[in-house]
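What follows is a short report on a single structure.
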Amino acid sequence: MKQDATRSATYTVNCEDYVHVVEFNPFESGDSGNLIAYGGNNYVVIGMCTFQEEEADIEGIQYKTLRTFHHGVRVDGIAWSPETRLDSLPPVIKFCTSAADMKIRLFTSDLQDKNEYKVLEGHSDFINDLVFDPKEGQEIASVSDDHTCRIWNLEGLQTSHFVLHSPGMSVCWHPEETFKLMVAEKNGTIRFYDLLAQQAILSLESEQMPLMSAHWCLKNTFKVGAVAGNDWLIWDITRSRWSTINENLFATTGYPGKMASQFQIHHLGHPQPILIGSVPVGSGLSWHRTLPLCAIGGDHKLLFWVTEM
């Protein structure tokens, strides 16, 4: 757990296995530390990390594993529930995963004796993204190569089902108006759905294909970013991952699975990337909830980059 100049990362944490996906908890959990989840070939690890940028008496990064969950199959995606609380008695850890067997697993734990999971089945192809509703945490949205977006309740039942025109690549919930959902398709179409009316209310089109990822800027929901072809595209709806704290910061990575993937942090006020890192076989990308800090999974490592605001 040291500053690691050879890998370009500000901090690294060693892991038991290759990390396929990493996700900071984007919600306030009642603890000064930061919950982070990462997934490997058959497990999910929940950890707590604190950075020197947050607490002066910490040198670099302080990391502690809280719980390892056996998963049985490769973890492809992780989404945190806003019901996760560390200041409750007992504590509540709740998250869901997507996996190589096309199933969603909903995990609930008190970090002691209660460790449960429920399987949500229905997708017939690879699940590319999933997310909890950010207000109540009572629903999960997922998109898949099977050309569907599905909404599930916590009992595992589907409450909505949208047929897409191509594989669904990304799904984002509006942070305040939880009846609004953004779905990005591989053919370059990004649609915004009204879940009450059960229909699309707005669409954006990318000229480039394939669209691989899109993200709603949660600091300014009039901004949408997407990676399509070799380009990063930005829409201002009034006339992708965004930083959770600055609407002008976003980060991109190259294709996972290559021997070295390029990681870039961009600022809308600068024509060139403000930070470029080289990630050996990097995958997953997640912003810290309050710091200009990104996490990426690597080969037996978690890698963290800190940038300026």
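Since the model is a prediction, treat every value here as computed from it, not as a measurement.
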Return the minimal non-hydrogen interatomic distance between [X] and [Y], and the atom names on each side.
X      : Y      : value
Ile78  : Gly39  : CD1-N, 3.8 Å
Phe24  : Ala295 : CE1-CB, 3.6 Å
Pro167 : Asp145 : CB-OD1, 3.4 Å
Leu285 : Ile296 : CD1-CG1, 3.9 Å
Phe51  : His288 : CE1-CD2, 3.8 Å
Phe132 : Pro82  : CB-CD, 4.0 Å

Hey, does the side chain of [X] reach the backbone of [Y] with a donor-acceptor pair shorter than 3.5 angstrom?
X      : Y      : result
Ser98  : Gly77  : yes
Glu177 : His174 : no
Asp76  : Ala100 : yes
Thr12  : Leu302 : no
Trp173 : Leu181 : no
Asn128 : Gly168 : yes
Ser144 : Asp125 : yes
Ser170 : Ala214 : yes

Enumerate the residue pairs fulfilling salt bridge (charged side-chain N to carboxylate O under 4.0 Å, His left out) with a member in residues 150-165, sequence neighbours excluded, ordered by first and then second residue.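 For residues 150-165, and leaving out neighbouring residues, the salt bridge (charged side-chain N to carboxylate O under 4.0 Å, His left out) pairs sorted by first residue read Asp146-Arg150.
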May I ask you to check whether [X] and [Y] show a side-chain donor-acceptor distance below 3.5 Å?
X      : Y      : result
Gln198 : Ser160 : yes
Glu83  : Gln138 : yes
Glu116 : Thr108 : no
Glu185 : Ser166 : yes
His123 : Ser142 : yes
Asn34  : Asn25  : no
Asn115 : Ser109 : yes
His20  : Asn41  : yes
Glu139 : Thr159 : yes

Could you check Tyr117, Tyr43, Phe95 and say which one makes a ring pair (Phe, Tyr, Trp, His ring centres under 6.0 Å) with Phe69? Phe95
Going by the angle between their ring planes, with limits at 30° and 60°, are Tyr63 and Tyr38 parallel, tilted or perpendicular? tilted
With Thr97, the side-chain hydrogen bond (donor to acceptor under 3.5 Å, both in side chains) member among His71, Glu23, Arg74: His71
Once rounded to the nearest 0.5 Å, what's the spacing between atom CD of Glu54 and atom CD of Gln62? 10.5 Å
So, taking the atom named SG in Cys149 and the one named CG in Leu195, what distance separates them when rounded to the nearest 0.5 Å?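 The distance works out to 8.0 Å.
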Salt bridge or not between Arg85 and Asp87? Use side-chain N to carboxylate O under 4.0 Å.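 So Arg85 pairs with Asp87 through a salt bridge.
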With Glu28 via salt bridge (charged side-chain N to carboxylate O under 4.0 Å, His left out) - residues at least two apart: Arg289
Are Ile140 and Leu154 packed together at the side-chain level, in the sense that at least one heavy-atom pair is separated by less than 4.5 angstrom? yes
